Amino acid sequence: MQQTAHIDLPSSESAIALSGQQNDNIKFISEQTGAQIALRGRDLLLSGTAHGVDLARQIVRALEPLWTEGTMISRADILTARQAINTDQLAELRAIQGETITRTRRGEVIRAKTFRQRQYIQALKKSDLIFCSGPAGTGKTFLAAMIGVQALLNDEYERLVLTRPAVEAGERLGFLPGDLQQKVNPYLRPLYDALHELIDPEKIPVLMERGVIEVAPLAYMRGRTLSNAFIILDEAQNTTPAQMKMVLTRLGFQSRMVVTGDTTQTDLPSTQTSGMAVAQNILASVEGIAFCKLTQADVVRHPLVQRIVAAYEKHETTRPRR
């Protein structure tokens, strides 16, 4: 039996926030529920089966705290809302929507988009050592950098240390121009990008000269003790077991370390075991260490990225073992 319903949106800003670019969100909610959805000005029209219309209405209402404020809705928001409805977690969904990590230089709100991202953020604020694994686009490094920069600006730490192994993904460092620091800068670019979201680009070199922010390849960490610092080890799947042990033992007093990576995308030689995978096995029962795992459902980049990750995961699990 066909059913219809409508939701009156409070403003044109809320209609834009809910519908997304070229009505992409409206189309996605329709795909998720089977309901036909049309936006006429500020009037959202729902039609279809009773179940489809009711589910679409619940999803839209679950997202109401965001679109009423004109906050742009993402596909991740829609999927999280549906998960909250299916699992009776609407109270936790409200907590996600109401918790702001920080704001970018442009005033954009940074917050968790999924339940697992929220758990990761909570671990970043509580544990002294955090491992986070997951595919590209899940916010592993970005969220860690946001928490780290905010803690630095709040004087919770004296410095922010960002590091990653300079492992070549098919290229060779020797063919790149410049000295060693210039050669490894392209590998550290994602960390710089995260910094630029919160700190004016012209201020970053000054902070780096003062040693408040340090962005360096993993090899520079050997022999040091990092005290009163927030440390992020990115692309940790490309560390060897020896490198991982080395960097973990750099942790000093009043410091916090975040280790991020995707163990399914290692650029190490096929005969070399990932130090991140080994460390997670060895340290699984050690008190004070948090382990977070994000999945393709937590991807918050272009919608196509989520489908690409899902396709690769399916390929990896179905291909015959040699």
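All values derive from a computational prediction rather than experimental measurement.
- Between the CD1 atom of I59 and the CZ atom of R61 there is a distance of 13.5 Å, given to the nearest 0.5 Å.
- At distances below 3.5 Å, not a single donor-acceptor pair connects side-chain atoms of K140 with backbone N or O atoms of G261.
- The cluster map of Ile, Leu, Val, Met, Phe, Trp and Tyr, joined by side-chain heavy atoms under 4.5 Å apart, puts M221 and L251 in the same cluster.
- For the pair D298 and K113, the salt-bridge criterion is not met [side-chain N within less than 4.0 Å of a carboxylate O].
- Taken together through direct or relayed side-chain contacts under 4.5 Å among Ile, Leu, Val, Met, Phe, Trp and Tyr, V206 and I199 form parts of separate hydrophobic clusters.
- More than 12 non-hydrogen atoms from other residues, nucleotides or ligands lie less than 6.0 angstrom from CG of N154.
- Looking only at atom types and distance, the side chain of E69 has no donor-acceptor partner in the side chain of T71 under 3.5 Å away.
- Under the ring-ring contact (aromatic ring centres under 6.0 Å, His included) criterion, Y120 pairs with no residue, sequence neighbours left out.
- By the rule that hydrophobic residues join a cluster once side-chain heavy atoms approach within less than 4.5 Å of another member, L153 and V258 end up as members of one cluster.
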Atom pairs and distances, donor-acceptor, side-chain atoms in residues 222-233, under 3.5 Å, two or more places apart:
from	atom 1	to	atom 2	distance (Å)
R224	NH1	E214	OE1	3.4
R224	NH1	E214	OE2	2.6
R224	NH2	E214	OE1	3.0
N228	ND2	E158	OE2	3.2

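- Atoms OG1 and CZ, on T239 and R164 in that order, are 12.0 Å from each other to the nearest 0.5 Å.
- Sorted by first and then second residue, the ring pair (Phe, Tyr, Trp, His ring centres under 6.0 Å) pairs with a member in residues 247-266 form an empty list; sequence neighbours excluded.
- At a threshold of 4.5 Å between side-chain heavy atoms, the hydrophobic network of Ile, Leu, Val, Met, Phe, Trp and Tyr places M208 and Y157 in one connected group.
- Using modelled atom types, one finds a donor on one side chain and an acceptor on the other under 3.5 Å when comparing R94 with Q97.
- By the 4.5 Å heavy-atom criterion applied to side chains, C132 and F291 are not counted as neighbours.
- In this structure, the separation between CZ on R159 and CD1 on I213 is 12.5 Å, given to the nearest 0.5 Å.
- Here the side chain of T266 pairs no donor or acceptor atom with the backbone of T263 at under 3.5 angstrom.
- For residues 30-49, the set of pairs meeting the salt bridge (charged side-chain N to carboxylate O under 4.0 Å, His left out) definition, not counting sequence neighbours, is empty.
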Output side-chain donor-acceptor pairs under 3.5 Å for residues 14-27, partner residues at least two apart or in another chain, one line each.
from	atom 1	to	atom 2	distance (Å)
S14	OG	S11	N	3.1
S14	OG	S11	O	2.6
S14	OG	S11	OG	3.4
S19	OG	A15	O	2.8
S19	OG	I16	O	3.4
N25	ND2	L18	O	3.1
N25	ND2	I73	O	3.0
K27	NZ	Q22	O	3.4

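- Between R103 and E108 no salt bridge is recorded (no basic side-chain N to carboxylate O distance below 4.0 Å).
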Considering only distance and modelled atom types, tabulate donor-acceptor pairs under 3.5 Å from the side chains of residues 268-282, sequence neighbours left out.
from	atom 1	to	atom 2	distance (Å)
S274	OG	Q237	O	2.9
S274	OG	M276	N	3.3
N281	ND2	A277	O	3.3

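- In this structure, CG on L124 lies 8.0 Å from CZ on R256, to the nearest 0.5 angstrom.
- A salt bridge links R111 to D77: one of the charged nitrogens lies within less than 4.0 Å of a carboxylate oxygen.
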